[in-house]
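Note that ligands are numbered from 1 as they come in the structure, with each ligand's atoms numbered from 1 the same way. We count residues from 1, following the sequence as given.
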Amino acid sequence: MKNILSVEHIEKYYGNKGNLTKAVDDISFQVDEGEFVGVMGPSGSGKTTLLNCISTIDTVTSGHIFINGSDITNIKKNNLSKFRREELGFIFQDFNLLDTLTAYENIAIALTIQKVKASEIDRRIKEVAMKLDIMEVLQKYPYQMSGGQKQRVASARALITNPSLILADEPTGALDSKSSRMLLDSMEKLNTEYNATIMMVTHDAFTASYAHRILFIKDGKIFNELIRGEDSRKEFFNRIMEVVTLLGGENGNVL
Ligand SMILES: Nc1ncnc2c1ncn2[C@@H]1O[C@H](COP(=O)(O)OP(=O)(O)OP(=O)(O)O)[C@@H](O)[C@H]1O
């Protein structure tokens, strides 16, 4: 199995002496090609900081992160946006679609920058749009789409460049339960049919139950790891809830 992500003893501190927050405190783990990994943990445990370090949005205080063999902690600033565009796909809670572009143009933008031929862009967009059930919104602008449609467009945009790794931060955070389910079905398709490697931060145990492995973070450290194995999603959900309850003390919903 090809290694896609290798996180090696990373630390991220904020502040200075006397007022130091260890947002990430010596975290190491590996993700192989085709894995779907969830990251859960209480508010303030360091999930977003971890994701931001992996996505090159933030820098680590120490340690190394390898994505598809490149040590991103050593990439020069000037090369970061190219690396991000070519190796990473992003799905955020608030969609991050460009308001002045149609769904089609939003999905196409990274390929246009890469100077891919228009006919090839068109072929790839139509293929992924069929899979994610967004054919009928391709000519619409973000304000003309539902939250669920916007998030499926964002998923198509994340996948279209065939990135090594798709990073999702609370992708269902702004969606109702029906749209969440449709988005998660779409992400499952990206994973099973395109062999996309996905790392997803979420508070929500139902959302997390779509992943194959969950890393639980507490106080900036990995506190537990669950592997779905042969479990059904329902069985995995129940096991996730047990850890959530343990982490959250008397009130499981603090996650
Ligand atoms: N830019 C910053 N400057 C100072 N401290 C920060 C900064 N960003 C995050 N922190 C601190 O680092 C810790 C981890 O924050 P982080 O946002 O990674 O947590 P989280 O698990 O994603 O939380 P939530 O689920 O609430 O989004 C927190 O104590 C937070 O206050």
Hey, is the main chain of Ile160 close enough, under 3.5 Å, to the side chain of Arg124 for a donor-acceptor pair?
-> yes

Residues at least two apart in sequence or cross-chain that pass side chain to side chain donor-acceptor pair (under 3.5 Å) with Lys218, listed by chain then number, are none

So, for Asp25 and Glu11, which heavy atoms are closest and what is the spacing to 0.1 Å?
-> OD1-OE2, 4.0 Å

Heavy atoms under 4.0 Å from ligand 1: which residues qualify?
-> Tyr14, Thr21, Ala23, Pro42, Ser43, Gly44, Ser45, Gly46, Lys47, Thr48, Thr49, His203

Which salt bridge (charged side-chain N to carboxylate O under 4.0 Å, His left out) pairs, counting each pair once, include a residue from residues 58-82, with sequence neighbours left out?
-> Lys12-Asp58, Lys82-Glu86

Taken in chain and number order and not counting sequence neighbours, the residues that satisfy side chain to side chain donor-acceptor pair (under 3.5 Å) with Ser232 are Glu235

Quick one: does NZ or CZ of Arg213 land under 6.0 Å from the six-membered ring centre of Phe36, within 45 degrees of the ring axis?
-> no

